[in-house]
Amino acid sequence: MAEPVEFYEPRTIAEAVAVLASVPDACCLAGGQTLVAGMNMGPLFRPPALVSLQRIDELKGITQRPDGTVVVGAMVTHRTVAQSELFGGGLEVVREAAGCIAHPAIRTMGTIGGSICHADPAADYPAVLIATDATVVVTGPSGIREIPAAEFFVDFMTTSIEPDELVTAITFPPAPADAVSVYEKFTRASGDFATVSVALALSLRHGRCESVRIALGSCGPTPVRAAAAEQRLVQTSLDESDVQDAGRILCDAAAPMDDVRGTADYKLMLIPRLLGRTIQRAQERAVAWRVE
Amino acid sequence: MTINARTTLTSFVVNGDPQEVSVTGAQTLLNVLREDLHLTGTKCGCNQGICGACTVLCDGMPIRACLALAMVVDGRDILTVEGGKTDPVLSVVQQAFVETGAVQCGFCTSGMIMSATALLMRKPSPDRQEIREELSGNLCRCTGYAKILDAVALAASRLPIQESAT
Ligand SMILES: Cc1cc2nc3c(=O)[nH]c(=O)nc-3n(C[C@H](O)[C@H](O)[C@H](O)COP(=O)(O)OP(=O)(O)OC[C@H]3O[C@@H](n4cnc5c(N)ncnc54)[C@H](O)[C@@H]3O)c2cc1C
Ligand code: FES
Ligand code: FES
């Protein structure tokens with residue numbers, strides 16, 4: 001028989017915040033796809049109290065504002081994001097990443113809020129939030145905070161939210177009309193965490209790069225972005241030498257670790273190759289988009 | 001807001017039958033199915049979400065029973081491998097696994113069958129690649145997967161063709 005755990009099921013964000021603020025060591029339960037796996041390892045890994053976000057309807061929708069900003073509730077599942085029509089062009093990278101998280105059954109339950117709060121450097125969403133310049137919306141006892149993704153992920157499995165705060169939504173700003181985006185994930189086997197991943201959002205005009213944002217996953221404690229690599233690509237036609245230079249700059253900025261998915265050296269070898277593949281796919285998408 | 005005590009009465013439907021079970025906050029659906037309801041067809045391979053042996057359907061969608069807390073599935077409709085009598089698609093998949101010889105030790109089989117059922121419920125005539133993708137989270141240490149894919153394709157060929165949404 002499992003150890004007893006207090007279980008709260010608030011119906012609103014305000015109620016959830018009230019429980020988090022008043023019950024010591026209470027912990028949010030989203031899809032449980034990371035948390036319950038941990039709890040199954042034994043009583044030591046069981047929080048004394050769980051605040052299930054499952055019945056808070058306010059956290060479950062995806063909406064688009066008139067300016068094109070897409071707002072995704074924290075409890076929106078990977079499965080729902082992977083099927084949403086609202087992620088096209090510069091935001092297609094969001095849908096693409098969601099569709100390659102784990103396996104179908106885990107995508108049914110796992111949520112975007114749970115994934116980013118866990119902040120596993122090998123997870124897929126963190127790099128995507130950086131590449132799309134997303135903002136994380138957080139509610140706590142003192143109100144609402146909007147945290148740019150770059151300030152949200154602070155270290156290995158560490159975010160900038162407080163224990164009595166909860167993530168309520170992620171907002172993705174509208175991309176330029178001609179933007180394309182790509183998620184490229186290198187894994188040992190389908191459904192595994194990334195050995196290295198690249199999230200890229202690109203805007204091309206007549207084959208020239210107008211703007212670009214690149215973020216690497218699994219290449220350090222938080223997603224890696226290198227402004228110099230992006231500057232190297234802007235106003236070029238993304239020739240082989242441009243991409244090679246940018247790849248080198250990204251490798252200098254990356255600090256991957258040896259782990260079961262590969263050695264640090266191996267990951268550094270992957271970065272420029274995956275970048276090349278990502279840019280090529282983005283160019284193909286831009287062409288296909290113009291033809292349509 | 002419902003503030004649950006340490007032990008709570010949770011009710012859900014399993015294979016068409018309403019069930020009421022007293023559960024704790026850390027108890028998983030897998031544990032309830034096997035230990036409380038004695039439905040041992042759903043297997044525990046890893047208890048970590050990795051192997052897929054515990055896959056069941058929750059409101060028609062595949063989930064890992066080992067990663068779903070029982071309190072979270074309160075009010076939901078669960079289908080397990082024992083539900084062949086109540087679900088026609090599941091029954092067709094089971095028959096196809098038997099006829100194809102897609103079972104060796106059998107430990108992965110119920111999870112495979114439930115993942116395949118989830119796919120065929122929303123897409124009765126998938127291509128081979130779609131079958132592979134849907135079963136990608138179910139590990140089998142015995143068969144080499146070929147007969148399992150054959151079994152799902154056979155089941156699909158026996159289902160009436162009508163595409164539902166997604
Ligand atoms: C076998 C397996 C393979 C996987 N493969 C991948 C993969 O390839 N790529 C990938 O990215 N992920 C992968 N995952 C992780 C998966 O995406 C999880 O769904 C995700 O990491 C956690 O989301 P969740 O909704 O299940 O959160 P939970 O497990 O419920 O919660 C995770 C943590 O976040 C906290 N939390 C949750 N929601 C909030 C909130 N709104 N506000 C504040 N805190 C919150 C919880 O307290 C907990 O600490 C895998 C998981 C498994 C089991
Ligand atoms: S027992 Fe649930 S996935 Fe292995
Ligand atoms: S038949 Fe033995 S694990 Fe699949």
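Just so you know, these numbers come straight off a predicted model, no measurement behind them.
From K43(B), atom NZ reaches atom SG of C54(B) across 12.0 Å, with rounding to the nearest 0.5 Å. Put simply, CG on L59(A) and CE on M75(A) are 7.0 Å apart, with the number rounded to the nearest 0.5 Å. Atom CD1 of residue I56(A) and atom CD of residue E15(A) lie 8.0 Å apart, to the nearest 0.5 angstrom. Between C28(A) atom SG and L20(A) atom CG the span is 4.5 Å, to the nearest 0.5 Å. The OG atom of S52(A) lies 8.0 Å from the CG atom of L69(B); values are rounded to the nearest 0.5 Å.
Residue contact with chain B, scored on non-hydrogen atoms closer than 4.5 Å, is absent for L35(A). With a 4.5 angstrom heavy-atom cutoff, D74(B) touches chain A via backbone and side-chain atoms both. Heavy atoms of A118(B) lying under 4.5 Å from chain A are absent altogether. Using a 4.5 Å cut-off between heavy atoms, Q54(A) touches chain B through its side chain atoms alone.
By a heavy-atom distance cut of under 4.5 Å, H103(A), P104(A), A105(A), I106(A) are the residues of residues 93-107 of chain A near chain B, going up by number. Listed by sequence position, E133(B), E134(B), S136(B), G137(B) are the residues of residues 127-146 of chain B in contact with chain A, using a 4.5 angstrom heavy-atom cutoff.
Residue with the most contacts toward chain A among L67(B), L119(B), T55(B): L67(B) (heavy-atom pairs, distance under 4.5 Å). Ranked by heavy-atom pairs shorter than 4.5 Å toward chain B, the options R79(A), M41(A), M39(A) are led by R79(A).
In this structure, the side-chain contact (heavy atoms from CB on, under 4.5 Å) partners of D87(B), at least two apart in sequence or on a different chain, are L79(B), V89(B), L90(B), T117(B), M121(B). Shown here are the ring pair (Phe, Tyr, Trp, His ring centres under 6.0 Å) partners of Y125(A), two or more places apart in sequence or in another chain: H78(A).
With hydrogens and angles disregarded, no donor-acceptor distance shorter than 3.5 Å links the side chain of T10(B) to the backbone of M71(B).
With respect to E82(B), the side-chain contact (heavy atoms from CB on, under 4.5 Å) criterion is satisfied by exactly one of L37(B), V56(B), L39(B): L39(B). Screening R34(B), E35(B), Q27(B) against N31(B) for a side-chain hydrogen bond (donor to acceptor under 3.5 Å, both in side chains) leaves a single residue, Q27(B). Of the candidates T195(A), V198(A), L270(A), V196(A), V196(A) is the only one forming a side-chain contact (heavy atoms from CB on, under 4.5 Å) with C219(A).
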*Please step through salt bridge (charged side-chain N to carboxylate O under 4.0 Å, His left out) for the pair E162(A) and R145(A), ending with a clear verdict.*
CA-CA 11 Å; E162(A) 300 297 328; R145(A) 290 201 290 149; 5.1 Å; no
